[in-house]
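Below you'll find the structure, written out as structure tokens, and then a few comments.
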Amino acid sequence: MRIYPYLRASTSEQDATRARNSLMQFVEEAGQNVSTWFIENESGAMLKRPELFRLLDVAQSGDVLLVEQVDRISRLNAEDWETLKSIIIGKGIRIVALDLPTSHQFMQKGEGDFTQRILSAVNAMLLDMLAAVARKDYEDRRRRQSEGIEKARTEGKYRGRRANEKLHRNIEALLRDRKSYSEIVEILSCSRSTIAVVKKRMGKRE
């Protein structure tokens, strides 16, 4: 059994590694070791997550995909969640989340086949439920955000989202230094979409 912690934040301004210490402590208390960390800044509402799919490509049957919270992987619409879940189940990968205590048993070795099947069934049901809750929370927050923006526009107070100019300057410097998107993501922990925005802006100036 290999342990693959997955850390995700939605934007480049957020710290995707925030939960690293909590996950490391959890793994150590279970008497296990981390095999490889997978970290990225991508929206949880999108299925396109390069690092998550790199993890799924590397992991084998019986390995653990470890997350702090279920919503790190499940803030998807129903169709995309079913797609992701089918890949995970098809490969026999176990999902362990700190906020899903029934999944913690998967960190232990030596469980019998019957026990594992029962745990898998229970967790599949709970994962579906938590995935639905995570998606609803995401949609509710987006709706409230849209309502707030619309109100601000009506009152003439909306100025739009401010860009992280320091991050953009750093990205631009690395692009001029001919660094690849992957290298920039690794150095700055930013998203590829942010790099694309900066590159497009550079093209307009040149």
Side-chain angles (χ1 to χ4, degrees), residues 1-11 14-142:
M1 177 177 62
R2 294 176 296 182
I3 313 296
Y4 295 115
Y6 174 68
L7 298 167
R8 181 191 64 77
S10 297
T11 69
Q14 296 174 333
D15 182 10
T17 65
R18 175 190 55 78
R20 185 173 185 136
N21 290 339
S22 297
L23 293 181
M24 192 70 240
Q25 182 180 351
F26 178 77
V27 171
E28 291 175 350
E29 289 177 352
Q32 304 287 355
N33 297 302
V34 168
S35 294
T36 306
W37 293 87
F38 290 85
I39 305 168
E40 65 185 344
N41 289 77
E42 296 288 348
S43 170
M46 304 297 292
L47 187 58
K48 185 179 178 181
R49 297 184 225 163
E51 284 300 293
L52 176 58
F53 278 88
R54 193 163 73 87
L55 184 162
L56 297 178
D57 185 55
V58 169
Q60 299 176 8
S61 180
D63 290 343
V64 169
L65 190 173
L66 177 64
V67 291
E68 179 195 21
Q69 296 177 312
V70 173
D71 69 0
R72 295 302 86 192
I73 59 171
S74 65
R75 196 170 286 172
L76 300 164
N77 61 42
E79 182 179 353
D80 286 345
W81 168 242
E82 286 300 322
T83 298
L84 178 60
K85 188 176 68 171
S86 67
I87 294 172
I88 293 171
I89 293 175
K91 293 201 67 173
I93 299 169
R94 304 171 181 177
I95 298 176
V96 176
L98 268 58
D99 67 341
L100 184 58
T102 55
S103 70
H104 297 181
Q105 291 287 341
F106 288 134
M107 293 289 287
Q108 306 301 320
K109 297 179 181 179
E111 295 287 353
D113 180 63
F114 178 75
T115 301
Q116 289 291 350
R117 288 172 63 187
I118 292 297
L119 285 171
S120 295
V122 170
N123 278 293
M125 177 183 67
L126 291 174
L127 281 169
D128 279 341
M129 180 183 70
L130 291 173
V133 170
R135 181 65 185 185
K136 184 178 186 303
D137 175 68
Y138 168 78
E139 292 175 344
D140 286 347
R141 286 191 294 103
R142 289 292 296 270

Next on the checklist: Looking at Arg2, I'd like to know if its CZ atom is crowded, meaning that more than 12 non-hydrogen atoms belonging to other residues, nucleotides or ligands lie closer than 6.0 Å.
Outcome noted: yes

Item to check | Qualifying residue, where the test is side chain to side chain contact (heavy atoms under 4.5 Å, CB included) with Tyr4 and the options are Val34, Val64, Val58 | outcome: Val58

Checklist entry - Trp37 pairs by side chain to side chain contact (heavy atoms under 4.5 Å, CB included) with which of Leu55, Leu7, Ile3? => result Leu7

[Y] backbone acceptor or donor facing [X] side chain under 3.5 Å:
| X | Y | value |
| --- | --- | --- |
| Asp80 | Asn77 | no |
| Glu40 | Leu52 | yes |
| Lys48 | Glu42 | no |

[atom1]-[atom2] distance between [X] and [Y], expressed to the nearest 0.5 angstrom:
| X | Y | atom1 | atom2 | value |
| --- | --- | --- | --- | --- |
| Leu66 | Leu23 | CG | CG | 4.5 Å |
| Gln69 | Leu100 | CD | CG | 11.5 Å |
| Lys85 | Ile95 | NZ | CD1 | 9.0 Å |
| Trp81 | Ile73 | CH2 | CD1 | 4.5 Å |
| Arg20 | Gln25 | CZ | CD | 14.5 Å |

Nearest heavy-atom neighbours spanning [X] and [Y]:
| X | Y | value |
| --- | --- | --- |
| Leu65 | Ile88 | CD1-CD1, 4.4 Å |
| Ala97 | Val70 | CB-CG2, 3.8 Å |
| Gln32 | Met107 | NE2-O, 2.8 Å |
| Ala16 | Ile39 | CB-CG2, 3.7 Å |
| Ile93 | Gln60 | CG1-O, 4.1 Å |

Item to check | Heavy-atom side-chain proximity of Phe106 to Met1 below 4.5 angstrom | outcome: no

Checklist entry - Are a donor atom and an acceptor atom from the side chains of Tyr6 and Arg8 found within less than 3.5 Å of each other? => result no

